[in-house]
**Q** 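Can you read through this structure? Questions will come right after.
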Amino acid sequence: MPELPEVETVRRSLSARLVGRRVVGCRARAVRLRSCVDPASWQPLLGTTLVRVERRGKFLLLVFGELSAVLHLGMSGRLLVVAPGAPLQPHTHLTLHFEGAELHFQDPRRFGRAEVWPTARLAEVPALAGLGPDALAEGVEEVLLAAAARTRAPIRSVLLDQRVVAGLGNIYATEALARAGIRPTRPAGGLAARRLRRLALAIRSVLEEAIAAGGTTLQDGGFQDAEGRAGFFAVELCVYGREGLPCRRCGSSVRRLALGGRSAYFCPRCQR
DNA sequence: AAGCCAACCTGGACGC
DNA sequence: TGCGTCCAGGTTGGCT
């Protein structure tokens with residue numbers, strides 16, 4: 001579910017609501033997420049204060065001085081800021097009690113992760129160490145040109161590879177390709193530099209617009225920000241999830257095909 | 001050795 | 001109403 005714009009939306013509300021607050025309690029269920037949640041590892045956070053909230057690709061880092069929480073929402077994760085004592089939603093695996101507010105991490109499908117690491121050793125966290133530059137950082141164009149040049153894999157696979165660029169998922173990779181006029185199936189290595197530069201610009205614009213809209217909440221209502229609100233970027237999607245519907249740019253019927261086990265949507269007229 | 005694909009989970013939508 | 005099937009925003013490890 002959550003890609004860069006959704007995670008950034010959550011980051012901003014966590015930052016506004018929780019930075020400067022002290023941790024006064026915590027409850028972690030020993031549940032198997034992508035990494036096992038170890039209840040004991042969260043206890044040292046008691047008494048510490050949230051200093052800042054960072055985002056790297058789709059990861060959130062809650063920095064409590066010498067310790068940091070590394071969080072990933074997977075497909076179905078949510079971070080909700082609620083009033084103290086608010087009822088637990090099903091599949092709530094972690095609760096951090098701050099003075100005056102609680103942070104609940106819920107994740108029905110359990111593809112997310114939640115770990116505590118020493119802040120000084122964040123560079124050693126395997127999941128973070130392998131990430132390419134953030135999709136909103138400078139230098140995405142160069143990285144994309146270099147990565148495309150060394151593979152014949154479909155361009156969408158390159159965009160989804162977090163080691164190349166961090167933060168894109170299926171929705172925004174799909175939409176960036178639509179804006180750039182490139183079919184998801186195109187072998188990356190065959191694309192002209194001019195088209196890849198256009199793609200880099202499309203990535204930035206689609207992510208910035210999606211953040212401004214508070215992210216994408218599909219019909220199923222999956223994504224919510226930390227206040228429980230939906231994002232409204234779905235109305236601006238050109239092709240994602242729109243098989244058989246008119247492309248929002250030219251009106252042609254959007255096509256869907258399976259690519260690497262996941263749906264790829266494209267406009268047969270705009271994208272070549 | 002790059003690249004494909006099943007597996008990890010639950011829940012919601014849809015068809016019969 | 002109820003059951004079976006398919007699909008989902010992500011990542012990883014194993015196989016070819």
Side-chain angles (χ1 to χ4, degrees), chain A residues 1-10 29 31-37 55-60 70-79 89-93 105-115 125-132 135 146-178 184-190 206-207 210-211 213-225 230-237 239-244 256-265:
Chain A
M1 169 193 358
E3 306 179 31
L4 188 152
E6 290 75 34
V7 177
E8 176 62 18
T9 298
V10 171
R29 284 174 54 198
V31 69
R32 178 158 193 85
L33 301 181
R34 183 153 286 287
S35 59
C36 270
V37 167
R55 182 188 56 73
R56 296 193 197 168
K58 301 172 195 171
F59 284 85
L60 279 174
V70 177
L71 305 175
H72 192 293
L73 300 177
M75 292 275 268
S76 57
R78 281 180 187 165
L79 286 165
Q89 303 279 81
H91 307 292
T92 297
H93 308 308
F105 176 50
Q106 57 176 116
D107 183 10
R109 291 180 69 181
R110 292 195 256 139
F111 290 166
R113 29 167 101 207
E115 298 161 14
V125 179
L128 298 176
L131 293 179
R150 59 175 186 255
T151 179
R152 291 288 296 170
I155 183 65
R156 196 197 58 176
S157 303
V158 175
L159 295 184
L160 291 180
D161 187 342
Q162 303 297 299
R163 295 169 301 183
V164 176
V165 170
L168 295 173
N170 204 14
I171 293 181
Y172 299 106
T174 295
E175 290 296 305
L177 288 166
T185 47
R186 275 262 165 208
V206 74
L207 293 177
I211 291 170
T216 300
T217 300
L218 271 2
Q219 314 75 282
D220 65 10
F223 171 67
Q224 292 181 4
D225 71 8
F232 49 92
F233 191 69
V235 295
E236 295 179 53
L237 296 175
V239 296
Y240 185 87
R242 295 179 55 77
E243 181 183 20
R256 177 174 79 98
L257 49 82
L259 178 62
R262 313 184 66 185
S263 289
Y265 301 89

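Numbered from 1 within each chain, the chains take letters A, B, ... in sequence-line order.
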**Q** Which part of the nucleic acid, if any, lies within contact of A/G261, taking any heavy atom under 4.0 Å across all strands shown: a base, the sugar-phosphate backbone alone, or nothing?
**A**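 The answer is nothing, as A/G261 stays clear of every strand by at least 4.0 Å.
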**Q** Which nucleotide in the list B/dC9, C/dT11, C/dG9 gets nearest to the side chain of A/M75?
**A**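 Nearest to the side chain of A/M75 among the choices is C/dG9.
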**Q** Ignoring hydrogens and angles, are the base of B/dC8 and the side chain of A/R34 linked by a donor-acceptor pair under 3.5 Å?
**A**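 Indeed there is one.
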**Q** Could you give the distance from CZ (A/R78) to CG (A/D107), rounded to the nearest 0.5 Å?
**A**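 Between atom CZ of A/R78 and atom CG of A/D107 there are 10.5 Å.
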**Q** With sugar-phosphate meaning primed atoms plus P, OP1 and OP2, does A/Y240 contact a base, only sugar-phosphate, or nothing at under 4.0 Å between heavy atoms?
**A**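 Sugar-phosphate contact only.
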**Q** Output yes if the stacking criterion (under 5.5 Å between centres, under 30° between planes) is met for A/F111 over the base of B/dC8, else no.
**A**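 Yes, A/F111 stacks on the base of B/dC8.
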**Q** The side chain of A/Y265 is closest to which nucleotide in this list: B/dC4, C/dA8, B/dC9?
**A**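 Output: C/dA8.
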**Q** What is the distance from CZ of A/R156 to C1' of B/dG3, rounded to the nearest Å?
**A**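 After rounding, the reported distance stands at 14 Å.
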**Q** Indicate the ring-plane relationship of A/H93 and A/F105, choosing parallel, tilted or perpendicular according to the 30° and 60° boundaries.
**A**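 Aromatic pair A/H93/A/F105 classed perpendicular.
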**Q** Compare the minimum distances between each of C/dG9, B/dA2, B/dT10 and the side chain of A/N170, then state the nucleotide with the smallest one.
**A**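 The closest nucleotide is C/dG9.
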**Q** Determine whether a donor-acceptor pair (N or O, by modelled atom type, separation under 3.5 Å) exists between the side chain of A/Q89 and the backbone of A/Q106.
**A**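 No, A/Q89 side chain to A/Q106 backbone: no donor-acceptor pair under 3.5 Å.
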**Q** For B/dT10, does OP1 or OP2 lie under 4.0 Å from any side-chain N or O of A/H91?
**A**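 Looking at the OP1 and OP2 atoms of B/dT10, neither is under 4.0 Å from any side-chain N or O of A/H91.
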**Q** A/L33 has an atom CG; how far is it from atom P of C/dT11, in whole Å?
**A**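 Checked: the CG to P distance equals 14 Å.
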**Q** Grab the CZ-C1' distance between A/R152 and B/dC4 for me, whole Å please.
**A**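 Computing the A/R152:CZ to B/dC4:C1' distance gives 17 Å.
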**Q** Kindly say whether A/L160 contributes a backbone atom to a donor-acceptor pair with the side chain of A/Q162 at under 3.5 angstrom?
**A**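 It does hold such a pair.
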**Q** Check the phosphate of B/dC8 against A/R32, side-chain N and O only, distance under 4.0 Å to OP1 or OP2. Yes or no?
**A**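 Checking A/R32 against B/dC8: no side-chain N or O falls below 4.0 Å of OP1 or OP2.
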**Q** Counting only side-chain nitrogens and oxygens, does A/Y172 get under 4.0 Å of the OP1 or OP2 atom of C/dG9?
**A**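 Checking A/Y172 against C/dG9: no side-chain N or O falls below 4.0 Å of OP1 or OP2.
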**Q** When you measure from the side-chain N and O atoms of A/Q162 to the phosphate of C/dG10, is any distance below 4.0 Å, counting only OP1 and OP2?
**A**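 Looking at the OP1 and OP2 atoms of C/dG10, neither is under 4.0 Å from any side-chain N or O of A/Q162.
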**Q** A/K58 side chain N/O closer than 4.0 Å to the phosphate oxygens (OP1, OP2) of C/dG9?
**A**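 For C/dG9, OP1/OP2 do not have a side-chain N/O of A/K58 under 4.0 Å.
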**Q** Mind calculating the distance between CZ (A/R150) and P (B/dA1) to the nearest angstrom?
**A**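 That distance rounds to 15 Å.
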**Q** Any side-chain N or O of A/S76 below 4.0 angstrom from OP1/OP2 of C/dG9?
**A**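 Indeed not, no polar side-chain atom of A/S76 lies that close.
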**Q** Below the 4.0 Å mark, does C/dG10 have OP1 or OP2 next to a side-chain nitrogen or oxygen of A/R262?
**A**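 Yes, within the criterion.
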**Q** Which base sits across from B/dC9 as a Watson-Crick or G-U pair, both distances under 3.5 Å?
**A**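 Per the H-bond distance test, none.
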**Q** Hey, could you give me the CZ/NE2 distance between A/R34 and A/H72, rounded to the nearest 0.5 Å?
**A**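 Between A/R34 CZ and A/H72 NE2, I get 9.0 Å after rounding to 0.5 Å.
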**Q** Over how many whole Å does the gap from A/I211 atom CD1 to C/dG9 atom P extend?
**A**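 One finds 20 Å between P of C/dG9 and CD1 of A/I211, rounded.
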**Q** If you take atom types as modelled and just measure distance, does the side chain of A/R109 reach the base of C/dA8 with a donor-acceptor pair under 3.5 Å?
**A**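 Checked by distance alone, the answer is yes.
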**Q** If I pick the C1' atom on C/dT11 and the same atom on B/dG12, what distance separates them, to the nearest angstrom?
**A**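 These two C1' atoms come out 22 Å apart once rounded.
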**Q** To the nearest angstrom, how far is A/E6 atom CD from C/dG10 atom C1'?
**A**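 So the CD-C1' distance, A/E6 to C/dG10, works out to 13 Å.
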**Q** Would you check if the side chain of A/E3 reaches a backbone N or O of A/Y172 as a donor-acceptor pair within less than 3.5 Å?
**A**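 Looks like yes, one N/O pair under 3.5 Å.
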**Q** Please determine, for the side chain of A/P108, which listed nucleotide (C/dA8, B/dT10, B/dA2) has the closest atom?
**A**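 When the side chain of A/P108 is considered, B/dT10 is the closest of C/dA8, B/dT10, B/dA2.
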**Q** Answer yes or no: is there a side-chain heavy-atom contact under 4.5 Å between A/T216 and A/E236?
**A**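 Not in contact.
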**Q** Nearest to the side chain of A/L218, heavy atoms from C-beta on, is which of C/dT12, C/dG9, C/dG10?
**A**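 My answer, after comparing the listed nucleotides, is C/dG9.
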**Q** Measure from CZ on A/R78 to P on C/dG10 and round the result to the nearest Å.
**A**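 My rounded result for the distance is 16 Å.
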**Q** Describe the nucleic acid contact of A/R113 in one word from base, sugar-phosphate, nothing, applying a heavy-atom distance below 4.0 Å.
**A**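 The answer is sugar-phosphate, as A/R113 gets under 4.0 Å only of primed atoms, P, OP1 or OP2.
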**Q** Would you mind reading off the distance between A/Q224 atom CD and B/dG12 atom C1', rounded to a whole angstrom?
**A**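 Whole-Å distance recorded here is 15 Å.
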**Q** If we call it a pair only when both distances are under 3.5 Å in a Watson-Crick or G-U wobble match, what pairs with C/dG9?
**A**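 Across all strands, not a single nucleotide pairs with C/dG9.
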